[in-house]
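Beneath this line is the structure, given in structure tokens, with notes to follow.
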Amino acid sequence: MSSKRIFPVPCSLSDFTRAAWAVLLVTYGVTWLGHHCWETLGRAMAVVLALYHFSWISYICGGYIIALYRARRERDSHKKHDDGEGGDGGSGYVSEAELPFVSLIVPARNEALVLRRLVESVSQVDYPAERFEMIVVNDHSTDNSREVLDDICRDRQFATFVKAVHRYGDDTGGGKSGSMNAGYPSLASRKQVEAAGATMHVVGYLDGDAVVDPSVLQKVALAFVTQPNLGGLQVPKCINTTHCHGVLGYYQFWEMIFDSAYHQWTSSVGGFCDLHGNGQFVRREALEFMGGERAWNECSITDDLDMTLKLFIADWDVRWWLHEFLIFEEPVTTWSALFAQRRRWCYGGYSRFLDYWRYIVRPDAKKRWWRFSSLCQFAVSFVNMLQSSADLVFSMSYGTPRMLQYARLSALYQFVMSIVCFWGPGVRQIRKQPSWKSPVLSLLQALLVLSTVWPFIMLWSLLEAALRPRSLAYEKSERIAAL
């Protein structure tokens, strides 16, 4: 563990705007230069871009193989750990003496219909009752969430581990980040953690519509016990297929399958991977270093992505659980809500790189591999989209061939992704729901939406960052009322 950590501070709004303009102008300028000087520079740039995309696809495919190998090795090491410590004979659990104290914070706004289902789900976890607690933060709810939460706290079955925090008033802003910070003062104290026999404290965050697997806390404990420098862990999550209907539901299901697979193999090679809100766990020591009850950036619309970059900069490790899905959530209900949510993800993901770019490119920076990996992700996810739009504009203006040949490369990329990572884990989840008769058709529908929706949303978010004042308003995504 590093003895000296860096405390990252986001840049000012003016510096943010300058950085967004710099990325936009440099990308369009270099692309224009390539088309303007096609014979001397353009062909060479096209070759470099083609090699870059080929290398990235190779990295994706190779990373998936490495992830499978690492997952198998971890299962073997878990069995050895169990046998040596008196575990349960190969299930991948740690001994009770090593189990950390786990606090679950649930930021909830208008979740009255699903709160009791979540609490009942958590009450079934395979974990010592004295080693975990649950703090539900009622954040300015306008439905009857307050009454439901108070009833839950009075229920003898749940009163031993559920605490309620109610946030109302004009001085309690900050969106979801503010709710997560509001739950921090209610965490078990150090003395309470020690009285429970634990030597480590882990804080997890769940959405109100989540349903957890009974083994989730055991798996989280295993990851933190075996990795001393692990600051953040994301548990793979999946859309609840019971409520997936039509193209909208199929798309969200397959998109999350792809996202989980991608981050799992990126994590397996020690690269840059993100926390994803629902199902994220952070070591309390890391939260204290980040500011305790101000650890989550209330000026960010994507608190999880912001925290990921801060943990990496502070020399903590961020990893994904490499095995099964352990958390399930409800899909977004309408196309407009889907677009708004994806736009927020894109804008927030792009913004955090502009906020902390000085720390990423530091010449004395440690862990150069994750920094290189993060820059590659920034280039592929965001700069590539700007370059593609500039490439299209200038190729039409100058009559020169397109450098990137975006349509062909993206088609190849999505084909490889669908075969390599969508199919296996996706079909395993579909088989649990017999109502899904055609996984092939649902996958093709999802690929069609993925190839048409994401490019426009990403391009809109990138241009918005440079051309409009920075957006800091957090909007809750409306989901299905499952009960």
Side-chain angles (χ1 to χ4, degrees), residues 99-169 171-198 201-214 216-218 220 235 277-282 284 287 292-293 295-296 303 327-330 476 479 481-483:
L99 292 175
F101 192 93
V102 180
S103 298
L104 299 174
I105 296 179
V106 182
R109 177 181 295 179
N110 297 335
E111 304 282 9
L113 292 176
V114 292
L115 268 180
R116 181 170 289 273
R117 185 188 67 172
L118 170 61
V119 174
E120 291 175 349
S121 173
V122 172
S123 69
Q124 302 299 318
V125 295
D126 182 14
Y127 210 74
E130 69 277 6
R131 295 277 180 102
F132 78 95
E133 64 179 356
M134 185 177 186
I135 302 164
V136 183
V137 182
N138 173 30
D139 183 23
H140 299 84
S141 294
T142 56
D143 61 359
N144 63 328
S145 293
R146 183 178 192 130
E147 291 75 14
V148 171
L149 184 54
D150 290 340
D151 288 342
I152 291 174
C153 292
R154 287 191 292 266
D155 193 320
R156 292 183 179 181
Q157 181 183 358
F158 310 126
T160 56
F161 69 92
V162 178
K163 302 177 184 177
V165 176
H166 298 288
R167 295 183 80 223
Y168 290 97
D171 59 340
T172 55
K176 186 177 179 181
S177 297
S179 300
M180 295 159 74
N181 286 332
Y184 188 89
S186 300
L187 295 178
S189 65
R190 190 180 302 274
K191 290 184 178 180
Q192 290 174 315
V193 172
E194 293 175 352
H201 193 175
V202 176
V203 183
Y205 299 87
L206 298 173
D207 288 350
D209 63 326
V211 176
V212 302
D213 185 274
V216 61
L217 296 189
Q218 289 280 0
V220 169
V235 173
N278 189 16
Q280 63 188 1
F281 291 81
V282 183
R284 185 171 183 178
L287 287 176
E293 59 185 278
W296 298 93
D303 47 88
I327 292 179
F328 299 87
E329 64 181 35
E330 301 300 327
K476 182 182 182 299
R479 300 177 184 273
L483 296 184

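The shortest distance between side-chain heavy atoms of F132 and V122 falls below 4.5 Å. V220 is not listed as a side-chain neighbour of Y127, based on a closest heavy-atom distance of 4.5 Å or more. Counting heavy atoms from C-beta outward, F281 and V102 have side chains that approach closer than 4.5 Å. Under the 4.5 Å side-chain criterion, counting only non-hydrogen atoms from C-beta, R146 is not in contact with L149. You'll find the side chain of H140 stays beyond 4.5 Å of the side chain of N110, heavy atoms only. Residues V211 and R117 form a side-chain contact, since some pair of their non-hydrogen atoms from C-beta on lies under 4.5 Å apart. At least one side-chain heavy atom of L187 sits under 4.5 Å from a side-chain heavy atom of E133. Taking 4.5 Å as the limit, every side-chain heavy atom of R131 sits out of range of all side-chain heavy atoms of L217.
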Problem set entry | Verdict with reasoning, E111 to S141, per side-chain contact (heavy atoms from CB on, under 4.5 Å) | CA-CA 8 Å; E111 304 282 9; S141 294; over 6 Å; no
For this session: Show the numbers, then the answer: is there a side-chain contact (heavy atoms from CB on, under 4.5 Å) between M180 and V137?
Result: CA-CA 8 Å; M180 295 159 74; V137 182; over 6 Å; no
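Ring pair Y168/H166 is parallel by interplanar angle, where below 30° counts as parallel and above 60° as perpendicular.
Counting only distance, with no hydrogens or angles, the side chain of Q280 and the backbone of G277 share a donor-acceptor pair below 3.5 Å. Side-chain atoms of D126 do not come within 3.5 Å of backbone N or O of P214 as any donor-acceptor pair. No side-chain donor-acceptor contact under 3.5 Å links S177 to the backbone of W296. When atom types are taken as modelled, the side chain of D139 and the backbone of S179 share no donor-acceptor pair closer than 3.5 angstrom. A donor-acceptor contact shorter than 3.5 Å links the side chain of D155 to the backbone of Q157.
Judged by the 6.0 Å and 45° rule, R190 forms no cation-pi pair with F101.
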